[in-house]
Amino acid sequence: MEERKLSEDLGTLAERLVAIRTISSDIERDQLKRRMIEGWIHLKPNSVLVAAIGNHWSSGSWQKTVDMVMHTSKTGLYCGFSEMQDRCFNPYDALGTMRNEAVIDALNEGFEWICYIDTDILPAPDTLVKLLNWNMPIIAPFIVEPGTGKPLHGPVRQVNTGIHHVKWCVLSMLLFKTSVFNAVGPRFWGDAIGADEGYHFKTLARYGHTPMIDTNTQLVVAKPPTYPLTVNRQTWEQKQSSSRATFELLK
C-alpha cells in the first residue's frame with residue numbers, strides 16, 4: 001500500500017500518523033515527502049482552486065482553462081475549478097466582490113492556493129503547474145497586450161529570463177498562496193477598484209508581499225485588458241453601449 005510505503009520511508013511516529021491518508025500517485029507521495037522535510041504539513045499540499053471571475057468567456061477560453069485544470073489534476077495535484085457568479089450590476093463594478101468570494105471559498109474548503117483567472121485567457125495545459133513549481137506566495141505568467149505586444153507588468157522584464165519581482169502585473173491570471181489572505185484579510189479586494197493593479201499591489205507590499213513574474217511561462221489572452229476605473233466614470237448611455245458591444249462579442 002502507498003500509505004505503508006510512505007510511513008516506512010518517513011520513520012517517526014508523528015510522520016506515520018500524518019501518513020494515514022489516501023495518496024493518488026507517486027508524484028503526490030513524493031511531494032508529501034518533500035513537504036515533510038522542507039516545511040509544515042498541509043492536508044493537501046499544492047491543492048489549488050482555479051477561480052474564474054465571471055462566466056462571459058471569450059471564444060476558446062473555457063475549453064483551454066478546463067484542459068489546464070485536467071492536466072494539473074493528472075499530475076497528482078488536487079485542482080478545483082469554480083466560475084464565480086457574476087455580481088455586477090453595471091459592467092465591471094463588482095469584480096472585487098467576486099474575488100473576495102473566491103478567497104472565502106478557497107479558505108473554507110482548505111485549498112493551499114487560489115489561482116484567479118479572467119475569462120479571456122488561452123492557457124497551455126501546463127501553465128498552472130509551471131507557476132506552482134516556483135512555490136512563490138504571489139506569481140503570474142508573462143502576458144503581453146494583444147496587438148501591441150506590450151508587457152502587462154512593471155517594471156518590464158525580458159522574456160525567458162526566469163522569475164523576477166515586479167511592482168504590479170495584470171490580473172488575467174494570478175496565483176496566490178491562500179496564507180497571504182491571513183495577513184490582508186479575506187475581503188481584500190475593493191469593489192470600486194476591484195481590478196486596479198497599482199492600489200492592490202501597493203497594499204500587498206505594505207504586508208511584505210510583492211508579485212513575481214515567471215518570464216519562462218507566457219500566457220496568451222484573447223483581448224486587451226479593460227480598465228474598470230475608466231468604465232465606472234462612463235455615463236449611463238456609454239455603459240449601455242459597452243454592454244451591448246460585449247453582448248454582440250459573446251454571441
Side-chain angles (χ1 to χ4, degrees), residues 24-25 27-28 31 42-88 94-143 152 163 169-181 184 186 188-189 194-195 197 200 204 209 211-214 216-223 225:
S24 61
S25 67
I27 293 174
E28 186 177 2
Q31 287 177 337
H42 190 276
L43 183 62
K44 275 289 185 182
N46 289 339
S47 56
V48 55
L49 175 64
V50 176
I53 304 305
N55 45 36
H56 302 297
W57 294 89
S58 296
S59 178
S61 293
W62 184 88
Q63 185 60 58
K64 284 188 174 294
T65 297
V66 170
D67 291 344
M68 180 182 71
V69 169
M70 296 302 294
H71 175 84
T72 303
S73 297
K74 288 177 181 178
T75 67
L77 305 178
Y78 184 76
C79 186
F81 176 39
S82 180
E83 298 176 64
M84 307 312 299
Q85 182 175 343
D86 193 338
R87 305 293 187 183
C88 299
L95 296 180
T97 293
M98 296 160 70
R99 289 194 171 96
N100 287 334
E101 187 174 6
V103 171
I104 293 169
D105 288 350
L107 292 172
N108 285 346
E109 296 178 28
F111 285 96
E112 187 173 13
W113 300 87
I114 181 170
C115 181
Y116 288 114
I117 63 168
D118 286 343
T119 53
D120 64 344
I121 67 168
L122 299 166
D126 61 352
T127 297
L128 180 54
V129 172
K130 287 180 176 179
L131 296 180
L132 286 165
N133 283 341
W134 290 111
N135 195 31
M136 291 292 168
I138 308 172
I139 191 166
F142 189 100
I143 305 172
L152 296 175
I163 59 173
C169 62
V170 72
L171 304 183
S172 299
M173 182 174 184
L174 195 59
L175 180 66
F176 276 83
K177 275 196 171 182
T178 54
S179 58
V180 170
F181 295 98
V184 302
F188 170 68
W189 304 97
E197 296 89 354
H200 286 99
L204 285 167
H209 290 295
M212 305 291 289
I213 288 291
D214 177 7
N216 299 344
T217 302
Q218 290 90 52
L219 175 68
V220 176
V221 293
K223 60 180 184 290

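All residue numbers refer to positions in the sequence shown, counting from 1.
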(request) Give the ring-plane orientation class for Tyr116 versus Phe181, where under 30° counts as parallel, over 60° as perpendicular and anything between as tilted. (result) perpendicular
(request) Determine which pairs satisfy salt bridge (charged side-chain N to carboxylate O under 4.0 Å, His left out) with at least one residue from residues 104-116, sequence neighbours left out, and list them in order. (result) Arg35-Glu112
(request) With sequence neighbours excluded, give me every salt bridge (charged side-chain N to carboxylate O under 4.0 Å, His left out) pair touching residues 113-128. (result) Arg99-Asp118, Asp120-Lys223, Asp126-Lys130
(request) Indicate the atoms forming the closest heavy-atom contact of Trp189 with Leu171, along with that distance. (result) CZ3-CD1, 4.1 Å
(request) Evaluate the criterion side chain to side chain contact (heavy atoms under 4.5 Å, CB included) for residue pair Leu49 and Ser82; output intermediate values, then yes/no. (result) CA-CA 7 Å; Leu49 175 64; Ser82 180; 4.1 Å; yes
(request) Drop me the distance from Leu219's CG to Leu128's CG, to the nearest 0.5 angstrom. (result) 11.0 Å
(message) Can you list everything that forms a side chain to side chain contact (heavy atoms under 4.5 Å, CB included) with Ser59? Sequence neighbours excluded, please.
(response) none
(request) Give the C-alpha distance, both sets of side-chain angles, the deciding distance and a yes or no for side chain to side chain contact (heavy atoms under 4.5 Å, CB included) between Ile53 and Ile117. (result) CA-CA 6 Å; Ile53 304 305; Ile117 63 168; over 6 Å; no
(message) Would you compute the distance between atom CZ of Phe142 and atom CG of Asn216 and round it to the nearest 0.5 angstrom?
(response) 10.5 Å
(request) Report the distance from atom OG1 of Thr127 to atom CG of Leu132, rounding to the nearest 0.5 Å. (result) 11.0 Å
(message) Can you tell me how far apart CD1 (Ile143) and OG (Ser172) are? Round to the nearest 0.5 Å.
(response) 4.5 Å
(request) Over all heavy atoms of both residues, which pair between Gly54 and Met98 is shortest? Give the atoms and the distance, please. (result) N-CE, 3.3 Å
(request) Of all the heavy-atom pairs spanning Gly110 and Ser47, show the shortest one and how long it is. (result) O-OG, 3.8 Å
(request) Please identify each residue that fulfils side chain to side chain contact (heavy atoms under 4.5 Å, CB included) with Val220, with sequence neighbours left out. (result) Leu122
(request) Identify, with sequence neighbours excluded, every residue that meets side chain to side chain contact (heavy atoms under 4.5 Å, CB included) alongside Thr178. (result) Ala106, Leu107, Ile114
(message) Going by salt bridge (charged side-chain N to carboxylate O under 4.0 Å, His left out), name the pairs with one or both residues in residues 59-85, residues two or more places apart or in two chains.
(response) none
(message) When you compare the side chain of Phe176 with that of Leu204, does any pair of heavy atoms fall below 4.5 Å?
(response) yes
(request) Using the side chain to side chain contact (heavy atoms under 4.5 Å, CB included) rule, take Met212 and Trp134 through it: C-alpha gap first, then chi angles, then the decisive distance, then the call. (result) CA-CA 10 Å; Met212 305 291 289; Trp134 290 111; over 6 Å; no
(request) First locate atom OG1 of Thr65, then atom CE of Met173, and finally report the distance between them rounded to the nearest 0.5 Å. (result) 8.0 Å
(message) Which residue is it: Leu174, Ile213, Asp214, Leu131? I am looking for the one with a side chain to side chain contact (heavy atoms under 4.5 Å, CB included) to Pro141.
(response) Leu131
(message) Can you confirm whether Asn135 sits close enough to Lys177 that some side-chain heavy atom of one is under 4.5 Å from a side-chain heavy atom of the other?
(response) yes
(request) Locate the shortest heavy-atom distance separating Gly80 from Phe111; write the atom from each residue and the value. (result) N-CE2, 4.1 Å
(message) Under a 3.5 Å cutoff, is there a donor and acceptor pairing between the side chains of Tyr78 and Trp113?
(response) no
(request) Starting at CD of Glu101, measure out to CE of Met84 and round the result to the nearest 0.5 Å. (result) 4.0 Å
(request) Would you mind reporting whether Phe81 and Val66 have side-chain heavy atoms less than 4.5 Å apart? (result) yes
(message) Could you go through Thr119 and Ser61, starting from their C-alpha distance and side-chain angles, then the distance that decides it, and tell me whether this counts as side chain to side chain contact (heavy atoms under 4.5 Å, CB included)?
(response) CA-CA 6 Å; Thr119 53; Ser61 293; 5.8 Å; no
